[in-house]
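Sharing a structure with you now.
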Amino acid sequence: MSHNPRRFNRPVRLIVSVEAETVASIDSLMKQGRQHTHRNRAEFMRRAIEREITRCLKQPEH
């Protein structure tokens with residue numbers, strides 16, 4: 001998975017809908033200056049999606 005969104009080989013735009021509270025939480029985290037290196041919500045979501053995919057792929061099958 002890519003770690004630099006400006007270097008995607010085949011970018012695809014993905015539009016998602018989330019609750020307003022989720023957006024407010026993301027904005028709050030970004031304003032607090034926590035150890036996030038992303039610069040905007042889209043980057044936050046891209047990284048969250050990639051982390052979830054990685055987590056799911058590492059889970060053993062039942």
Side-chain angles (χ1 to χ4, degrees):
M1 289 183 220
S2 175
H3 292 290
N4 186 344
R6 292 173 185 85
R7 295 185 183 242
F8 288 145
N9 292 327
R10 296 175 55 205
V12 176
R13 181 167 290 220
L14 176 66
I15 299 172
V16 298
S17 297
V18 296
E19 294 290 338
E21 293 82 12
T22 302
V23 174
S25 295
I26 293 168
D27 290 347
S28 176
L29 286 171
M30 290 173 63
K31 287 178 184 175
Q32 291 177 13
R34 297 197 182 220
Q35 300 170 348
H36 300 297
T37 57
H38 42 70
R39 297 181 180 155
N40 56 47
R41 288 185 205 138
E43 179 67 3
F44 184 97
M45 295 304 299
R46 183 186 69 79
R47 289 184 181 193
I49 291 167
E50 289 187 353
R51 279 192 307 270
E52 182 66 9
I53 290 169
T54 300
R55 186 187 70 80
C56 289
L57 290 174
K58 288 182 180 179
Q59 288 183 351
E61 293 185 28
H62 296 291

Pairs where residues 8-21 contributes a residue and the test salt bridge (Lys or Arg N to Asp or Glu O under 4.0 Å) is met, not counting sequence neighbours: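 Every pair satisfying salt bridge (Lys or Arg N to Asp or Glu O under 4.0 Å) with a residue in residues 8-21: there are none.
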Inter-residue atom distance M30.CE - S28.OG, 0.5 Å rounding: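 OG of S28 is found 11.0 Å from CE of M30.
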CD1 on I49 to CZ on R51, rounded to 0.5 Å: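 Reported to 0.5 Å precision, the distance equals 10.0 Å.
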Taking it one step at a time, do M45 and I26 satisfy side-chain contact (heavy atoms from CB on, under 4.5 Å)? CA-CA 9 Å; M45 295 304 299; I26 293 168; 3.7 Å; yes
Is R46 salt-bridged to E43, going by a charged N under 4.0 Å from an acidic O? yes
So, T54 side chain and E50 main chain: donor-acceptor pair closer than 3.5 Å or not?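 Checked: pair present.
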Go through V16 and L14 one step at a time and tell me if the side-chain contact (heavy atoms from CB on, under 4.5 Å) criterion holds. CA-CA 6 Å; V16 298; L14 176 66; 4.0 Å; yes
By salt bridge (Lys or Arg N to Asp or Glu O under 4.0 Å), which residues pair with E52, not counting sequence neighbours? R55
